[in-house]
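Letters A, B, ... mirror the listed sequences (proteins, then strands); counts begin at 1.
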2 protein chains.
Amino acid sequence: MNRKQNTQTKGLARQGITTLFRVREQVYGGLNEVLKPFGLTEPKYNVLRILGGIGNEGLPTLEIGSRMITRIPDVTRLIDRLKADGLVARERCPVDRRIVRAKLTTKGKKILQKLDGPINKFQLKYMSFLTDKELNSLIMILAKFPK
Amino acid sequence: MNRKQNTQTKGLARQGITTLFRVREQVYGGLNEVLKPFGLTEPKYNVLRILGGIGNEGLPTLEIGSRMITRIPDVTRLIDRLKADGLVARERCPVDRRIVRAKLTTKGKKILQKLDGPINKFQLKYMSFLTDKELNSLIMILAKFPK
DNA sequence: GGAAAATATCTGTTGACACAACTATTGTTG
DNA sequence: CAACAATAGTTGTGTCAACAGATATTTTCC
């Protein structure tokens with residue numbers, strides 16, 4: 001009986017992980033479709049959203065990296081690309097000259113605003129498969145995983 | 001009240017997606033750590049697992065692609081790499097010469113066997129944060145999303 | 001105050017991914 | 001049965017990601 005339980009739990013664990021991966025892939029694809037017409041990818045959008053959520057003073061490179069959902073080891077060149085797109089600007093901190101802060105340009109702020117509607121629509125669309133109760137459960141259950 | 005509800009749901013939808021992404025990232029990272037000592041990545045392992053789950057006759061390239069969890073547009077070169085590792089073999093179907101089947105080599109089968117323990121351990125480790133009931137709920141809720 | 005450690009970022013390089021165009025083979029249809 | 005469409009894979013090309021090592025600046029500790 002103990003063995004049976006264990007076998008069952010094993011199967012469930014596998015199934016849980018597989019389903020988690022599959023659904024994430026689905027939602028991730030949907031997000032990238034929303035972003036594509038704007039010339040953005042998920043990691044790029046991630047940075048913009050992080051910078052949009054704070055004040056006008058910007059954030060140091062590593063701080064951006066640590067706040068990202070998708071772990072990216074090379075934030076420098078991700079920001080290089082955003083800079084090439086004209087969406088962020090860089091400035092070296094005068095107090096501690098090791099630090100480089102990135103902040104949104106006007107163009108970056110505008111694109112975030114323009115994304116607001118489509119992103120909201122996307123979020124509601126993909127979560128519409130769940131009732132509010134299920135959505136709450138999902139969040140609660142996923143919150144049990146350690147950061 | 002309707003507006004309030006709506007705003008709340010919006011926030012929940014955002015939170016649900018963010019948490020989903022974050023947890024997947026965590027688990028995905030854990031999986032890749034298990035695979036790394038074996039010279040594998042998640043997509044590579046994914047292919048091996050798919051080929052291991054069927055008989056000895058192998059599967060056509062596109063069929064492998066459609067069964068993968070992570071959507072990969074370029075299965076050909078993924079299999080190229082697995083072939084270079086000596087883990088899969090290719091053979092052109094004599095009946096329909098458009099089709100190329102990939103199948104596990106002995107080395108590929110062996111590495112899957114060697115992975116069996118570590119992968120099981122990994123799965124149980126990451127799902128140990130949940131009770132069986134929560135794990136069941138998670139699977140049930142995630143199953144509501146369309147394929 | 002100067003050497004060593006720590007911090008913050010950048011660069012080089014290699015391999016992997018993404019999108020599109022291309023080839024080869026088979027199926028369909030007038 | 002010839003032409004066109006459909007199917008199955010492959011290849012070309014540019015971009016991106018991953019890992020390691022290098023650089024610049026500040027902090028720490030004798």
Heavy-atom side-chain proximity of A/Leu48 to A/Val88 below 4.5 angstrom: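 In contact.
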
Check: A/Leu35 and A/Leu115 side chains under 4.5 Å, non-hydrogen atoms: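 Heavy-atom side-chain distance check passes, below 4.5 Å.
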
For [X] and [N], what is the distance between atoms [atom1] and [atom2] respectively, to the nearest whole Å?
X: B/Glu91; N: D/dG9; atom1: CD; atom2: C1'; answer: 16 Å
X: B/Asn46; N: C/dA16; atom1: CG; atom2: P; answer: 16 Å
X: B/Leu82; N: C/dG15; atom1: CG; atom2: P; answer: 16 Å
X: A/Ile72; N: D/dC16; atom1: CD1; atom2: P; answer: 11 Å
X: A/Glu42; N: C/dA18; atom1: CD; atom2: P; answer: 13 Å
X: B/Ile79; N: D/dT11; atom1: CD1; atom2: P; answer: 13 Å
X: B/Glu63; N: D/dT7; atom1: CD; atom2: C1'; answer: 14 Å
X: B/Asp74; N: C/dC19; atom1: CG; atom2: P; answer: 11 Å

Closest-nucleotide ordering on DNA chain D, the 5'-leading residue of B/Ile99 and B/Arg77: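 Mapping each residue to its closest nucleotide by heavy atoms, the 5'-most match is B/Ile99.
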
Candidate pair B/Lys125 and B/Asn120, rule side-chain hydrogen bond (donor to acceptor under 3.5 Å, both in side chains), full reasoning: CA-CA 8 Å; B/Lys125 177 184 164 195; B/Asn120 265 320; over 6 Å; no

Report yes if a side-chain nitrogen or oxygen of [X] is closer than 4.0 Å to either non-bridging phosphate oxygen (OP1 or OP2) of [N]; otherwise report no.
X: B/Lys36; N: D/dA18; value: no
X: A/Lys44; N: D/dT15; value: no
X: A/Arg81; N: D/dC16; value: yes
X: A/Arg97; N: D/dT25; value: yes

Aromatic B/Tyr28 / basic B/Arg24 pairing, under 6.0 angstrom, 45° off normal: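 Cation-pi check for B/Arg24 and B/Tyr28: passes.
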
Of the listed nucleotides D/dA8, C/dA18, C/dT9, the one nearest the side chain of B/Leu62: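 It is D/dA8.
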
Donor-acceptor pair present, A/Arg98 side chain and C/dT9 base, under 3.5 Å: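 Side chain to base: no pair below 3.5 Å.
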
Report which part of the nucleic acid [X] touches: base, sugar-phosphate, or nothing (heavy-atom distance under 4.0 Å, all strands).
X: B/Thr61; value: sugar-phosphate
X: B/Arg101; value: nothing
X: B/Arg90; value: sugar-phosphate

A/Thr105 side chain vs A/Leu87 backbone, donor-acceptor pair below 3.5 Å: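 Pair found, side chain donor or acceptor close to backbone of A/Leu87.
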
